[in-house]
Amino acid sequence: MTPDVFRHAAPLRRSGVSVWRQIAETLSADIRDGRFGDGRLPSESELAARFHVNRHTLRQAVQALQDEGLVRIERGRGMFVQRELLDYPLARRTRFTETIVRQGLVPTQHLLAAGEEAADERVARELGLAPGDAVVRIENLSEVNGQPVSVMTAWYPARRFSGLLALLQEGASTTEILRRLGVEDYLRAESRVTSQMPGEETARLLRQPPSRPLLCVASIDIDPAGERIKYGETLFCGDRVQLRVVPEER
């Protein structure tokens with residue numbers, strides 16, 4: 001069966017406008033009209049046949065669309081429509097579920113691992129502990145509308161949150177767990193944003209090529225008294241998430 005998108009005629013050749021530019025304009029209109037419903041463009045050979053051009057000409061058109069941010073090319077997988085970036089604010093009260101629901105989207109979190117361990121020097125420093133002190137480590141994969149957007153690792157002082165693992169198994173949210181352990185509210189003390197390349201497992205979880213950089217947010221959360229209760233490192237897909245820094249309210 002002929003794909004629906006091929007039922008739309010190839011663009012008429014216009015003098016004074018390069019063929020690849022005309023193809024790019026046609027594909028751009030197809031994207032705006034939602035003709036690639038699953039978000040995936042046909043293969044190079046299929047598009048070349050549709051427009052009656054060689055692959056070199058087609059690649060010029062696709063490259064122009066990628067430069068404009070309309071598509072992304074994933075080696076070995078194909079060409080995809082570049083969806084609108086997820087807006088993720090970094091503020092004093094940063095809450096994943098609330099942020100996503102507020103945008104009319106569906107958040108999902110998957111527990112990857114959880115357990116108690118000895119804090120290394122980095123984690124101990126961030127939490128104000130001594131190296132070797134017990135901490136609870138939690139790893140989560142977060143999705144929005146079924147698409148992975150981040151992998152987070154968080155550490156909590158085990159002495160203060162001895163019941164955290166049991167509550168986590170009940171499926172309670174982070175906010176609810178902390179409330180049941182005596183923390184009625186918590187604030188973001190700081191967020192530090194860097195970039196890094198994903199490891200093989202992280203790339204697999206996020207369903208992205210290992211050659212694409214990630215946004216890394218290292219954060220410290222505090223209780224109302226200013227005590228550090230959590231240190232986290234979240235790896236966001238750089239092509240799916242826009243981090244927005246919100247000025248602190250006075």
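- Residues P42 and R50 form no side-chain contact, since every pair of their non-hydrogen atoms from C-beta on lies 4.5 Å or further apart.
- Counting heavy atoms from C-beta on, the side chains of L86 and Q103 come closer than 4.5 Å.
- For the residue pair N140 and I138, the shortest heavy atom distance occurs at ND2-CG2, 4.0 Å.
- Of the N and O atoms on the side chains of S162 and R159, not one donor lies less than 3.5 Å from an acceptor on the other residue.
- Remark: Q22 CD to T57 OG1 distance equals 11.5 Å, nearest 0.5 Å.
- Note that OH of Y186 and CD1 of I220 are 15.0 Å apart. Values are rounded to the nearest 0.5 Å.
- Across every non-hydrogen atom of P131 and E121, the tightest pair is CG-CG, 4.2 Å.
- Once rounded to the nearest 0.5 Å, the distance linking CG of L164 with NZ of K230 reads 10.5 Å.
- One N or O on the side chain of T99 and one on the backbone of R95 form a donor-acceptor pair closer than 3.5 Å.
- Counting only distance, with no hydrogens or angles, the side chain of T202 and the backbone of P198 share no donor-acceptor pair below 3.5 Å.
- For the atom pair CG of L47 and CZ of R59, the computed distance is 12.0 Å after rounding to the nearest 0.5 Å.
- Between atom CZ of residue R179 and atom CD of residue E184 there is a gap of 6.0 Å, rounded to the nearest 0.5 Å.
- Within the 4.5 Å cutoff, the side chain of T175 has no heavy atoms near those of the F96 side chain.
- Note that the CZ atom of F161 and the CZ atom of R180 stand 14.0 Å from one another [nearest 0.5 Å].
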Audit row: F236, V217, side chain to side chain contact (heavy atoms under 4.5 Å, CB included) steps and yes/no
CA-CA 8 Å; F236 289 96; V217 178; 3.7 Å; yes
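- Between E116 and R137 there is no side-chain heavy-atom pair separated by less than 4.5 Å.
- Between I23 and A61, the shortest heavy-atom contact is CG2-CB, 3.7 Å.
- A donor atom on one side chain and an acceptor atom on the other are found under 3.5 Å apart for W155 and E117.
- For the residue pair S43 / E46, a side-chain donor-acceptor distance below 3.5 Å is found, with atom types taken as modelled.
- Residues R188 and E190 come closest through the heavy atom pair CD-O, 3.2 Å.
- For N145 (side chain) and V106 (main-chain N/O), a donor-acceptor pair under 3.5 Å exists by modelled atom type.
- Side-chain contact of Y88 with S150: a donor-acceptor pair under 3.5 Å is absent, judged by distance alone.
- Listed here is the closest heavy atom pair of Q208 and C237: OE1-SG, 3.8 Å.
- Considering all non-hydrogen atoms of both residues, A114 and L165 come closest at CB-CD2, 3.7 Å.
- For the pair E170 and L167, the minimum side-chain heavy-atom distance is below 4.5 Å.
- For the 3.5 Å distance criterion, the side chains of S142 and Q109 qualify, holding a donor opposite an acceptor.
- A donor-acceptor contact under 3.5 angstrom links the side chains of E233 and Y231, judged on distance only.
- Residues L141 and L206 form a side-chain contact, since some pair of their non-hydrogen atoms from C-beta on lies under 4.5 Å apart.
- V71 places none of its side-chain heavy atoms less than 4.5 Å from the side chain of M79.
- Although no hydrogens or angles enter the test, the distance criterion places no donor-acceptor pair under 3.5 Å between the side chain of E44 and the main chain of A48.
- Not one N or O on the side chain of R228 forms a donor-acceptor pair closer than 3.5 Å with the backbone of G128.
- Residues R160 and V183 are in side-chain contact: their nearest non-hydrogen atoms beyond the backbone lie under 4.5 Å apart.
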Could you walk me through whether V241 and L243 pass side chain to side chain contact (heavy atoms under 4.5 Å, CB included), step by step?
CA-CA 6 Å; V241 178; L243 298 176; 4.0 Å; yes
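- The backbone N or O of I73 sits less than 3.5 Å from a side-chain atom of Q66, completing a donor-acceptor pair.
- Test L178, L187, L127 against I229 for side chain to side chain contact (heavy atoms under 4.5 Å, CB included) and you get one pass: L178.
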